[in-house]
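Have a look at the structure below, then the notes.
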Amino acid sequence: MADDRPDRRPKFRLPLEWLGILPFVTFAVLFLILPTMKIVVGAFQTPEGGFTLQNLIDLNTDSIRSAYWTSIKLSLITALLGCAVGFAMAAAVVFGGLPKRIRGPLLTFSGVASNFAGVPLAFAFIATLGPAGLVTLWLKTEFGINLRAMGFNLLSFWGLVVTYLFFQIPLMILIIIPALDGLKREWREAAEVLGATGAQYWRMVALPILFPSLLGTFALLFANAFGAVATAFALTGPQLNIVPIKLFAQIRGDVLGNPNLGYALAFGMIVITGLANVVYIVLRTRSERWLK
């Protein structure tokens, strides 16, 4: 006898709620995952498609080593200065007794400035601090201060450091303010009850708790500066020997004569920035456990 009972087995339903992230997934696959896989595979290939380690070995040349060292030095300096200045500004807003109405505009500006880079940023600095920039001419005519004669050149390594700080400092502010907000008032009150001074509280309580967050943010700022290319190229052109500019020249004109060597250059950047981001994620997670 046939079973006339309706089939109560759950039917497959298309998870429509996932359609909302479909554009993001598509974008990530097409412009992040697939290009990264192409770079990684190409770094270990010959022009004919065979496997080789020669591309990585060829990175050990004076020009490429110098480019990596200059990029690392630029990233370290801007990350260190960005962390120091950004932390001081964030601490002044959170603990310094400044009016609360300053916090909102500062965070809004930091959100915009941390993403303001590339050609517009380079143009803004050239128009302001360049050889014929507004501030450069104003200092020279009004105060007799010649920045060029004093050794400052915007179109140089240290000029690039100053330019990078425009987005490094705001990024530090955005990341560290929530960490500063997480410091509990009870910790400071307990330290004061035990007779600790303000300096002792920061040295023995606050800074040890914030240290993972500070170190993680430093790693993030390092990666942020190491991968920047548009601002550096627009400001200094090919005259500054850093890895992003050398890679950009390789992509445009294959000046190195070996496309797979360009893949190896990019692979080295991926490894360095990837390690920096892993350090940031690990330390950030550790810091959040303390601040909850």
Side-chain angles (χ1 to χ4, degrees), residues 31-32 35-36 38-40 42-43 47 54-82 113-131 133 148 151-169 171 218-277:
F31 298 101
L32 180 62
T36 302
K38 175 66 174 177
I39 289 172
V40 174
Q54 189 60 43
N55 297 319
L56 299 182
I57 297 174
D58 290 341
L59 294 178
N60 189 29
T61 62
D62 291 339
S63 175
I64 295 178
R65 283 202 311 269
S66 175
Y68 271 106
W69 169 240
T70 304
S71 293
I72 291 173
K73 183 168 63 173
L74 175 66
S75 301
L76 286 174
I77 292 173
T78 58
L80 181 61
L81 292 176
S114 62
N115 292 284
F116 185 64
V119 176
L121 178 61
F123 173 78
F125 268 82
I126 291 174
T128 304
L129 291 173
R148 196 67 179 265
F152 177 78
N153 180 14
L154 183 66
L155 312 180
S156 65
F157 175 86
W158 288 105
L160 195 59
V161 168
V162 173
T163 306
Y164 274 24
L165 289 178
F166 185 85
F167 55 80
Q168 294 282 69
I169 293 174
L171 183 58
F218 176 85
L220 180 63
L221 264 62
F222 175 90
N224 190 43
F226 192 85
V229 57
T231 301
F233 189 83
L235 190 67
T236 66
Q239 64 184 17
L240 187 62
N241 187 31
I242 60 176
V243 177
I245 290 181
K246 186 174 286 292
L247 178 59
F248 183 68
Q250 162 70 12
I251 293 173
R252 291 186 61 189
D254 193 18
V255 295
L256 298 177
N258 182 0
N260 294 95
L261 183 56
Y263 289 137
L265 271 170
F267 178 72
M269 292 184 63
I270 291 173
V271 171
I272 293 174
T273 55
L275 289 175
N277 280 288

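As a basis for the values below, the full set of heavy atoms in this structure was taken, side chains included, without hydrogen atoms, waters or symmetry mates.
- For the atom pair CD1 (I169) and OG (S114), the distance works out to 12.0 Å, reported to the nearest 0.5 Å.
- Atom CD1 of I245 and atom CG of L240 lie 5.0 Å apart (nearest 0.5 Å).
- Scanning all heavy atoms of the two residues, the minimum distance from A223 to A276 falls at CB-CB, 3.8 Å.
- Between V243 and T70, every side-chain heavy-atom pair lies at or beyond the 4.5 Å cut-off.
- The two atoms that bring I39 and A266 nearest to each other are CG2-CB, 3.6 Å, heavy atoms only.
- Residues meeting the side-chain contact (heavy atoms from CB on, under 4.5 Å) test with L275, sequence neighbours left out: V271.
- The distance from the CG atom of L81 to the CG atom of L76 is 11.0 Å, given to the nearest 0.5 Å.
- F116 pairs by the ring-ring contact (aromatic ring centres under 6.0 Å, His included) definition with F166, not counting sequence neighbours.
- Scanning all heavy atoms of the two residues, the minimum distance from L235 to L155 falls at O-CD2, 3.1 Å.
- For F267, the ring-ring contact (aromatic ring centres under 6.0 Å, His included) criterion is met by F44, not counting sequence neighbours.
- By the salt bridge (charged side-chain N to carboxylate O under 4.0 Å, His left out) test, R65 pairs with D62, sequence neighbours left out.
- Between N260 atom CG and L265 atom CG the span is 11.5 Å, to the nearest 0.5 Å.
- For the residue pair G118 and A230, the shortest heavy atom distance occurs at CA-CB, 3.6 Å.
- Evaluation of the salt bridge (charged side-chain N to carboxylate O under 4.0 Å, His left out) test over residues 122-131, restricted to residues two or more places apart or in two chains, returns none.
- Nearest heavy-atom pair across G227 and M269 is CA-CE, 4.0 Å.
- Listed by chain and number, the residues in a side chain to side chain donor-acceptor pair (under 3.5 Å) with T231 amount to none (sequence neighbours excluded).
- Among residues at least two apart or in separate chains, side chain to side chain donor-acceptor pair (under 3.5 Å) pairs with a member in residues 158-169 are T78-Q168, Q168-N224.
- The two residues A264 and Y68 make their nearest non-hydrogen contact at O-OH, 4.1 Å.
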Under the criterion side-chain contact (heavy atoms from CB on, under 4.5 Å), I'd like the reasoning laid out for K246 against S63: C-alpha separation, chi angles, the key distance, then a yes or no. CA-CA 10 Å; K246 186 174 286 292; S63 175; 2.9 Å; yes
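- In this view, D58 and Q54 satisfy the side chain to side chain donor-acceptor pair (under 3.5 Å) rule, not counting sequence neighbours.
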Test F226 against L74 for side-chain contact (heavy atoms from CB on, under 4.5 Å), laying out the working first. CA-CA 8 Å; F226 192 85; L74 175 66; over 6 Å; no
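- When each of I242, T236, I77 is checked for a side-chain contact (heavy atoms from CB on, under 4.5 Å) with F157, only I77 meets the rule.
- Under the side-chain contact (heavy atoms from CB on, under 4.5 Å) criterion, K38 pairs with Y263, sequence neighbours left out.
- Partners of L80 under the side-chain contact (heavy atoms from CB on, under 4.5 Å) rule, at least two apart in sequence or in another chain, are F218.
- Separating the CD1 atom in I272 from the CD1 atom in I72 is a distance of 4.5 Å, to the nearest 0.5 Å.
- Residues forming a side-chain contact (heavy atoms from CB on, under 4.5 Å) with N115 (at least two apart in sequence, or on another chain): none.
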Could you give the side-chain donor-acceptor pairs of residues 119-130 under 3.5 Å, partners two or more places apart or in another chain?
residue, atom, partner, partner atom, Å
T128, OG1, A124, O, 2.8

